[in-house]
Participant: 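One structure follows; several queries about it will come next.
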Amino acid sequence: MSEVRLRFAPSPTGYLHIGGARTALFNWLLSRKEKGTFILRIEDTDVARSTQESVDAILEGMTWLGLDWDEGPFYQSESFPLYKEFVQKLLNEGKAYKCYCTPEELEAKRELAMREGRKPKYDGTCRNRTEDIPGKPFAVRFRAPQTGETAFHDLIKGPISFANEELDDLIIQRSDGTPTYNFTVVIDDATMGITTVIRGDDHVNNTPRQIMLYEALGYPVPKFAHVPMILGADKTRLSKRHGATSVMAYRDMGFLPEAMVNYLVRLGWSHGDDEIFSREELIEKFSIEAVGRSAGVFNPDKLLWLNHHYIMNGDPQRLAELLVPFLQERGIDPGKGPDRVAAVKTLQERSKTMVEMADGAAFYYRSEFAYDEEAAAKFLKPEVVPLYKALLAKLDGLPDFGHDAIEAAFKEFCAEQGIKMGQIGPPVRVALCGGTTSPSIYEVLEVLGRDETRRRIERTIAFVAK
RNA sequence: GGUCCCAUCGUCUAGCGGUUAGGACACCGGCCUUUCACGUCGGUAACAGGGGUUCAAGUCCCCUUGGGAUCACCA
């Protein structure tokens with residue numbers, strides 16, 4: 001009875017975007033922290049703009065982020081009879097009335113009011129009409145209180161109040177019989193027993209009207225928490241101009257869901273100086289009151305840093321699985337070539353994204369790669385051939401081809417040849433990887449294995465001979 | 001324009017009357033080093049402005065300025 005019930009209520013007119021994901025995350029976190037219920041509700045009363053593809057995309061985004069819901073998804077389009085019932089109830093009680101003004105007349109009045117410097121609110125033409133007009137289409141308006149004020153204590157923003165005279169009689173049912181948003185949210189939240197509404201702060205202006213509706217309907221008013229919106233680098237509302245806004249696009253760009261969750265929660269919320277939070281820590285430490293009141297700028301660099309952190313500290317086995325599609329995108333068959341987990345381990349600390357990791361791993365799987373021109377000119381010279389041959393002989397004598405044994409062999413080799421690591425390291429790197437950037441060559445040798453190492457060095461010897 | 005909201009480094013933020021205003025990302029240096037990274041040490045950088053209240057204001061109040069949201073038979 002006293003348990004909290006929260007909901008995320010997106011309208012299916014597009015994919016799950018960054019802002020929506022954060023709102024969903026805050027709802028989810030609070031529900032988990034309070035051991036309450038998290039409900040997913042699809043607001044599809046705008047039949048024309050709602051699509052099944054959008055619903056699927058939103059569900060996929062939620063799932064990827066690990067935001068599971070306890071009830072739903074519910075669809076508002078399935079509750080039309082319920083809304084009708086409540087409209088009729090308000091009509092019967094005189095708390096709503098039929099409005100015969102046409103949209104055109106309303107638009108004209110609004111314009112006139114604007115021109116004369118008056119507020120463009122409904123003038124109340126039908127508010128006191130006593131007789132129905134048979135056969136004429138009508139919308140239904142809520143009879144809102146015209147004096148006093150409506151106030152609420154926002155969990156994030158604090159006390160907020162509106163003078164009732166600023167609000168007009170909103171339409172709750174269109175002339176085609178369908179209900180409007182401000183009415184359906186209230187009916188749904190009320191009948192679903194939502195205790196706390198966490199949503200974007202573009203809804204604060206709707207809140208007083210909704211509170212009036214709760215009161216007229218005789219339902220308890222839930223608590224409200226309005227989360228500030230997310231901005232782009234230029235401080236305007238985040239949009240595609242600022243880069244990807246779909247959370248799934250971030251998966252495709254090689255981001256880990258835990259990095260996304262960590263980033264999103266820290267955008268607006270904080271817990272002292274802490275930056276890294278596991279899912280468990282978030283559930284334990286999150287509180288809606290600690291969410292900041294001002295809008296925040298989406299910072300891709302910090303997301304990248306977090307992603308790097310999670311890749312670096314992630315389970316190699318799991319990362320190896322996640323890497324598969326990225327390798328395939330590059331025309332690589334992950335089934336062939338060196339052990340993928342071993343390869344991943346050499347790349348974790350040098351990959352900010354899975355895309356970077358795939359790029360870095362490609363050389364392991366490609367044997368006939370071209371040498372980087374600059375690197376070849378600098379390191380693949382004739383005088384290195386004898387060193388290659390001597391090294392190959394040295395490597396052949398190794399009983400164990402593990403990292404430590406390889407490292408020891410290189411040290412010994414340098415001493416025997418009277419050379420520095422800098423004289424043999426780079427040429428070997430280019431022979432094995434094709435360029436000058438790679439994981440430690442000891443690791444590369446180990447991952448590639450003795451045979452492939454020999455193959456690649458011999459290939460380079462042949463290349464230099466030409 | 002009306003209403004509502006917001007304001008600490010470039011960015012995310014800590015701060016809840018007394019601080020050398022802290023941390024993180026990014027950036028710039030040093031160290032480590034076979035490359036790239038990782039790691040590590042250090043550095044640049046902020047209380048929008050003005051009035052109050054107070055012994056004392058980044059912290060409380062007011063105003064100004066600047067941002068933003070919203071004013072539909074969209075959600």
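These figures come from a predicted structure and were not determined experimentally. Naming: A, B, ... by sequence-line order, numbering from 1 per chain.
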Participant: Is the phosphate of G68(B) approached by Arg237(A) (side-chain N or O, under 4.0 Å from OP1 or OP2)?
Facilitator: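 No, no such contact exists.
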
Participant: Between Met312(A) and Gly296(A), who's closer to the 5' end of RNA chain B by nearest nucleotide?
Facilitator: Gly296(A)

Participant: Could you tell me the Watson-Crick or G-U partner of U35(B), where both distances fall under 3.5 Å? Say none if there is no partner.
Facilitator: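 By the stated definition (distances under 3.5 Å), nothing pairs with U35(B).
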
Participant: Are any of Arg110(A)'s side-chain N or O atoms less than 4.0 Å away from OP1 or OP2 of C73(B)?
Facilitator: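 Answer is yes, contact under 4.0 Å.
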
Participant: For G42(B), give its Watson-Crick or G-U wobble partner with both distances under 3.5 Å, or none.
Facilitator: C28(B)

Participant: Searching all strands shown, indicate the nucleotide that pairs with A48(B) (Watson-Crick or G-U wobble; both distances under 3.5 Å).
Facilitator: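 The base-pairing partner of A48(B), which may sit in any strand shown, is U64(B).
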
Participant: Looking at Lys109(A) and Glu105(A), is there a salt bridge between them, counting it only when a charged N and a carboxylate O are closer than 4.0 Å?
Facilitator: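 Judged by the 4.0 Å cut-off on N to carboxylate O distance, Glu105(A) and Lys109(A) do not form a salt bridge.
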
Participant: Classify the side chain of Arg350(A) and the base of C36(B) as holding, or not holding, a donor-acceptor pair under 3.5 Å.
Facilitator: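 Flag set: donor-acceptor pair detected.
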
Participant: Would you say a side-chain N or O of Thr180(A) is under 4.0 Å from OP1 or OP2 of C73(B)?
Facilitator: no

Participant: Does A75(B) have His203(A) stacked on its base, where the ring centres are within less than 5.5 Å and the planes differ by under 30°?
Facilitator: yes

Participant: The side chain of Glu43(A) is closest to which nucleotide in this list: A75(B), A24(B), G22(B)?
Facilitator: A75(B)

Participant: Starting at atom NE2 of His271(A), determine the distance to atom C1' of C12(B), rounded to an integer number of angstrom.
Facilitator: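 Rounding to the nearest Å, NE2 of His271(A) and C1' of C12(B) are 16 Å apart.
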
Participant: Give the nucleotide from the list C25(B), G23(B), A75(B) with an atom nearest to the side chain of Trp305(A).
Facilitator: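 Looking only at heavy atoms from C-beta outward on Trp305(A), the closest nucleotide is C25(B).
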
Participant: At under 4.0 Å, does any side-chain N or O of Lys235(A) touch on OP1 or OP2 of U11(B)?
Facilitator: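 For Lys235(A), the contact criterion (side-chain N or O under 4.0 Å from OP1 or OP2 of U11(B)) is met.
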
Participant: Counting only Watson-Crick pairs (N1-N3 plus N6-O4 or O6-N4) and G-U wobbles (N1-O2, O6-N3), all under 3.5 Å, who is the partner of U20(B)?
Facilitator: none

Participant: Atom CD1 of Ile424(A) to atom P of U34(B): distance rounded to whole Å?
Facilitator: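 So the CD1-P distance, Ile424(A) to U34(B), works out to 14 Å.
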
Participant: Starting at atom OH of Tyr442(A), determine the distance to atom P of U33(B), rounded to an integer number of angstrom.
Facilitator: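 Between P of U33(B) and OH of Tyr442(A): 12 Å.
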
Participant: Quick one: label Cys414(A) by what it contacts on the DNA or RNA (base, sugar-phosphate, nothing), any heavy atom closer than 4.0 Å.
Facilitator: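 Counting heavy atoms under 4.0 Å across all strands, no contact is made by Cys414(A).
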
Participant: Which atom names give the shortest non-hydrogen contact between Val344(A) and Leu319(A), and what distance separates them?
Facilitator: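 Distance-wise, the nearest heavy atoms are CG1-CB, 3.9 Å.
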
Participant: Rounded to whole angstrom units, what separation is found between the CZ atom of Arg209(A) and the C1' atom of C73(B)?
Facilitator: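 From Arg209(A) CZ to C73(B) C1': 13 Å.
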
Participant: For Gln210(A) and A75(B), give me the distance from atom CD to atom C1', rounded to whole Å.
Facilitator: 11 Å

Participant: Asp202(A) CG to C71(B) P: how many Å, rounded?
Facilitator: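 It works out to 9 Å between those atoms.
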
Participant: Give the ring-plane orientation class for Tyr371(A) versus Phe369(A), where under 30° counts as parallel, over 60° as perpendicular and anything between as tilted.
Facilitator: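 Geometry flag for Phe369(A) against Tyr371(A): perpendicular rings.
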
Participant: Phe80(A) and Pro179(A): which non-hydrogen atoms are nearest, and at how many Å?
Facilitator: CE2-CD, 3.6 Å

Participant: Output, in order, the C-alpha distance, side-chain angles, deciding distance and verdict of side chain to side chain contact (heavy atoms under 4.5 Å, CB included) for Val355(A) and Arg330(A).
Facilitator: CA-CA 10 Å; Val355(A) 165; Arg330(A) 285 159 182 70; 3.3 Å; yes

Participant: For nucleotides G17(B) and U53(B), find the distance between their C1' atoms and express it as a whole number of Å.
Facilitator: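 G17(B) and U53(B) have their C1' atoms separated by 11 Å.
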
Participant: A56(B) pairs with which nucleotide, Watson-Crick or G-U wobble, both distances below 3.5 Å?
Facilitator: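 By the stated definition (distances under 3.5 Å), nothing pairs with A56(B).
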
Participant: Starting at atom CG of Asp274(A), determine the distance to atom P of C12(B), rounded to an integer number of angstrom.
Facilitator: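 So the two atoms are 19 Å apart, to the nearest Å.
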
Participant: Would one find a side-chain N or O of Ser438(A) under 4.0 angstrom from OP1 or OP2 of C36(B)?
Facilitator: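 For Ser438(A), the contact criterion (side-chain N or O under 4.0 Å from OP1 or OP2 of C36(B)) is not met.
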
Participant: Measure from NZ on Lys136(A) to P on C73(B) and round the result to the nearest Å.
Facilitator: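 One finds 15 Å between P of C73(B) and NZ of Lys136(A), rounded.
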
Participant: Taking only the C1' atom of each, what is the distance from A24(B) to U8(B) in whole angstrom?
Facilitator: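 To the nearest whole Å, 15 Å.
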
Participant: If I pick the C1' atom on C47(B) and the same atom on U13(B), what distance separates them, to the nearest angstrom?
Facilitator: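 The same atom, C1', in both gives a distance of 13 Å.
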
Participant: Students often get this wrong, so: under 4.0 angstrom with heavy atoms, is Gly435(A) touching a base, only sugar-phosphate, or nothing?
Facilitator: nothing

Participant: Taking the nucleotide of RNA chain B with the closest heavy atom to each, which residue, Asn299(A) or Phe162(A), is nearer the 5' end?
Facilitator: Phe162(A)

Participant: Using a 4.0 Å heavy-atom cut-off, does Pro208(A) contact any base of the nucleic acid, only the sugar-phosphate backbone, or nothing at all?
Facilitator: nothing

Participant: Look through every strand shown and name the nucleotide pairing with U3(B) as Watson-Crick or G-U wobble, where both distances are under 3.5 Å.
Facilitator: A69(B)

Participant: Contact list please: residues 221-231 of chain A against RNA chain B, heavy atoms, distance less than 4.0 Å, in numerical order.
Facilitator: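 Heavy-atom cutoff 4.0 Å gives Met229(A).
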
Participant: Taking G43(B) as the reference, what is the distance to A26(B) when you measure between their C1' atoms (whole Å, please)?
Facilitator: 14 Å

Participant: List the steps and the verdict of side chain to side chain contact (heavy atoms under 4.5 Å, CB included) for Thr236(A) and His242(A).
Facilitator: CA-CA 9 Å; Thr236(A) 61; His242(A) 302 104; 3.4 Å; yes

Participant: Please confirm whether any donor atom in the side chain of Glu349(A) sits under 3.5 Å from an acceptor in the base of G39(B), or the reverse.
Facilitator: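 Such a pair does not exist between side chain and base.
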
Participant: Regarding Phe298(A), tell me which of base, sugar-phosphate or nothing describes its non-hydrogen contacts under 4.0 Å with the strands shown.
Facilitator: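 Since no nucleic acid heavy atom lies under 4.0 Å of Phe298(A), the category is nothing.
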
Participant: Is the shortest side-chain N to carboxylate O distance from Glu275(A) to Arg266(A) below 4.0 Å?
Facilitator: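 Salt bridge: yes.
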
Participant: With rounding to the closest Å, how many angstrom separate the P atoms on C9(B) and C5(B)?
Facilitator: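 To the nearest whole Å, 23 Å.
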
Participant: Taking any heavy-atom pair under 4.0 Å as a contact, classify Asn206(A): base, sugar-phosphate, or nothing.
Facilitator: base

Participant: Identify which nucleotide among C73(B), A14(B), A75(B) has an atom closest to any side-chain atom of Ile171(A), counting heavy atoms from C-beta outward.
Facilitator: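 The answer is C73(B), which lies nearest to the side chain.
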
Participant: Taking the same atom, C1', in A72(B) and in G67(B), what whole-Å distance lies between them?
Facilitator: 25 Å

Participant: Say you pick atom C1' in G30(B) and the same atom in G66(B); how far apart are they, in whole Å?
Facilitator: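 G30(B) and G66(B) have their C1' atoms separated by 41 Å.
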
Participant: So which nucleotide from U34(B), A75(B), C12(B) ends up closest to the side chain of Pro426(A)?
Facilitator: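 Looking only at side-chain atoms, Pro426(A) lies closest to U34(B).
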
Participant: So, using side-chain hydrogen bond (donor to acceptor under 3.5 Å, both in side chains) as the criterion, who are the partners of Tyr250(A) when residues are at least two apart?
Facilitator: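 Once residues adjacent in sequence are excluded, Tyr250(A) has no partner under the side-chain hydrogen bond (donor to acceptor under 3.5 Å, both in side chains) criterion.
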
Participant: So what does Thr102(A) touch, heavy atoms closer than 4.0 Å: a base, only the sugar-phosphate, or nothing?
Facilitator: base

Participant: Is there, by distance only and without an angle test, a donor paired with an acceptor across the side chain of Ser175(A) and the base of C73(B) below 3.5 Å?
Facilitator: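 Indeed there is one.
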
Participant: Of the nucleotides A7(B), U34(B), C73(B), which one has an atom closest to the side chain of Arg141(A)?
Facilitator: C73(B)

Participant: Is NZ or CZ of Lys136(A) both nearer than 6.0 Å to the six-membered ring centre of Tyr100(A) and within 45° of the ring axis?
Facilitator: no

Participant: Before accepting this row, confirm whether a basic side-chain N of the pair Asp274(A)/Lys285(A) lies closer than 4.0 Å to the acidic partner's carboxylate O.
Facilitator: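 Yes, this pair counts.
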
Participant: Could you please name the option among A75(B), C73(B), U11(B) that lies closest to any side-chain atom of Val297(A)?
Facilitator: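 Of all the options, the side chain of Val297(A) is nearest to U11(B).
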
Participant: Could you give the distance separating C31(B) and U11(B) at their P atoms, to the nearest angstrom?
Facilitator: 32 Å

Participant: Please confirm whether Arg127(A) makes a cation-pi placement over Tyr122(A), using NZ or CZ under 6.0 Å from the six-membered ring centre and within 45° of the ring normal.
Facilitator: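 Pair Arg127(A)/Tyr122(A) does not count as cation-pi.
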
Participant: Base, sugar-phosphate or nothing for Ile441(A)? Non-hydrogen atoms, less than 4.0 Å.
Facilitator: base

Participant: Taking Asp132(A) for the side chain and Pro134(A) for the main chain, is one N or O donor matched with an acceptor at less than 3.5 Å?
Facilitator: no

